[in-house]
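First comes the structure, then the notes that go with it.
Side-chain atoms are counted along with the backbone in the values below, which use heavy atoms only and exclude waters and symmetry mates. Because the structure is predicted, anything quoted here is derived from the model rather than measured.
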Amino acid sequence: MAQRRLPARNEQLLAASMRAFAAHGYFGTTTAQVAEQMGVSQPYVIRTFGSKLELFIRTHAFAGELMLRAFRGIDADELTPERLGRAYRDLVLRETAAVLVHAHAFSASVGEPAIGVEARRLFDEVYRTLAGAGLDHTEMWMFMGRGMLINNLLLMEAPRYADGYDFAPLVAVVLAGPPPPPEARPDARPDDPDAHPEEHER
């Protein structure tokens, strides 16, 4: 698909497009809604980006780049599934729309083959980024599995409605991260019987 020349404020427009598609997905969003979010006219959107399909693909690529930047910003010696998970959670809190657009592309891939091509392209780029950082397939599975769970929780608005369901504690752990082990607690002292209870059972 030919890339169109974008105006200098490309990033601002794509960020606005990301917010629009994040709210309703590919099939539920109109170019008029995207234009309103951008603060421009619908004809301007069409002239600049082409069809809604082209616009979504460009928006998905933009969202994917935000995600990749978060991964690439981690020091090589800290690149573990746990550290990646924290980076992804931080991205969720900072750029929720980017994560939702990434997730919406998976479901839209069935109805729009071109979106499937773009979704697989980004997935492959994430894979190559993780492989290049030295993660093995088990570590990738651990990290990506957590990421997909976060995506699904966001898509069904679980954080917003969790208090009404038994799964609320799971949402809290997934999005906030597990509590640190006892030895990592700042208030745990070597002479604290609660710090290493197993030593006092002997």
Side-chain angles (χ1 to χ4, degrees), residues 1 3 6 10-19 21-22 25-26 54-110 112-156 158-159 169-186 188:
M1 187 176 296
Q3 296 292 315
L6 296 178
N10 179 20
E11 288 202 4
Q12 292 92 333
L13 293 176
L14 287 174
S17 176
M18 196 168 65
R19 292 192 296 271
F21 281 117
Y26 173 71
E54 290 176 294
L55 173 59
F56 183 83
I57 289 173
R58 295 294 292 269
T59 303
H60 180 267
F62 176 75
E65 186 56 35
L66 294 178
M67 182 170 60
L68 288 167
R69 284 180 201 166
F71 300 157
R72 291 167 179 161
I74 302 173
D75 291 339
D77 57 349
E78 296 181 0
L79 207 63
T80 64
E82 292 74 19
R83 181 65 183 85
L84 284 163
R86 290 199 300 273
Y88 196 68
R89 283 194 301 271
D90 290 346
L91 181 68
V92 167
L93 297 175
R94 188 176 66 254
E95 296 283 0
T96 306
V99 177
L100 283 169
V101 167
H102 176 235
H104 281 310
F106 293 131
S107 58
S109 295
V110 178
E112 282 288 355
I115 294 178
V117 171
E118 164 60 16
R120 290 187 293 274
R121 179 203 65 79
L122 179 58
F123 188 83
D124 194 51
E125 191 163 356
V126 171
Y127 173 86
R128 286 186 280 108
T129 298
L130 300 180
L135 268 68
D136 62 31
H137 288 154
T138 300
E139 290 172 320
M140 289 186 203
W141 174 27
M142 291 170 59
F143 165 65
M144 290 182 173
R146 293 171 186 169
M148 294 300 178
L149 176 56
I150 290 175
N151 291 353
N152 285 325
L153 291 175
L154 291 178
L155 285 171
M156 62 179 163
L170 174 64
V171 175
V173 169
V174 171
L175 295 182
E183 61 270 18
R185 296 202 320 258

State, to 0.1 Å, how close [X] and [Y] come at their nearest heavy-atom pair, and which atoms those are.
X: Pro159; Y: Val171; result: CA-CG1, 4.0 Å
X: Glu11; Y: Phe62; result: O-CZ, 3.8 Å
X: Ile115; Y: Ala108; result: CD1-CB, 3.9 Å
X: Val101; Y: Ala22; result: CG2-N, 3.9 Å

Using modelled atom types only, decide if a donor and an acceptor are shared between the side chain of His60 and the backbone of Ala105 within a distance under 3.5 Å. no

Should the pair Phe143 and Phe71 be assigned to parallel (<30°), tilted (30 to 60°) or perpendicular (>60°) ring geometry? perpendicular

My understanding is that only residues two or more places apart in sequence, or in another chain, count here; which of them pass side chain to side chain contact (heavy atoms under 4.5 Å, CB included) with Arg72? Glu65, Leu68, Glu125, Thr129

Please test His137 against Met142 for side-chain contact (heavy atoms from CB on, under 4.5 Å), starting from the C-alpha separation and ending with a verdict. CA-CA 9 Å; His137 288 154; Met142 291 170 59; over 6 Å; no

Mind running side-chain contact (heavy atoms from CB on, under 4.5 Å) on Met144 and Val126 for me, showing each step along the way? CA-CA 10 Å; Met144 290 182 173; Val126 171; 3.9 Å; yes

Atom CG of Leu13 and atom CE of Met18: how far apart are they, to the nearest 0.5 Å? 12.5 Å

Is the CZ atom of Phe123 crowded by more than 12 outside heavy atoms at less than 6.0 Å? no

Is Asp124 paired with Arg120 through a side-chain N to carboxylate O contact shorter than 4.0 Å? no

Taking only distance into account, with no hydrogens and no angle test, what donor-acceptor pairs under 3.5 Å do side-chain atoms of residues 148-155 form with protein atoms, sequence neighbours excluded?
unit_1, atom_1, unit_2, atom_2, d
Asn151, OD1, Tyr88, OH, 2.6
Asn152, ND2, Met148, O, 3.3

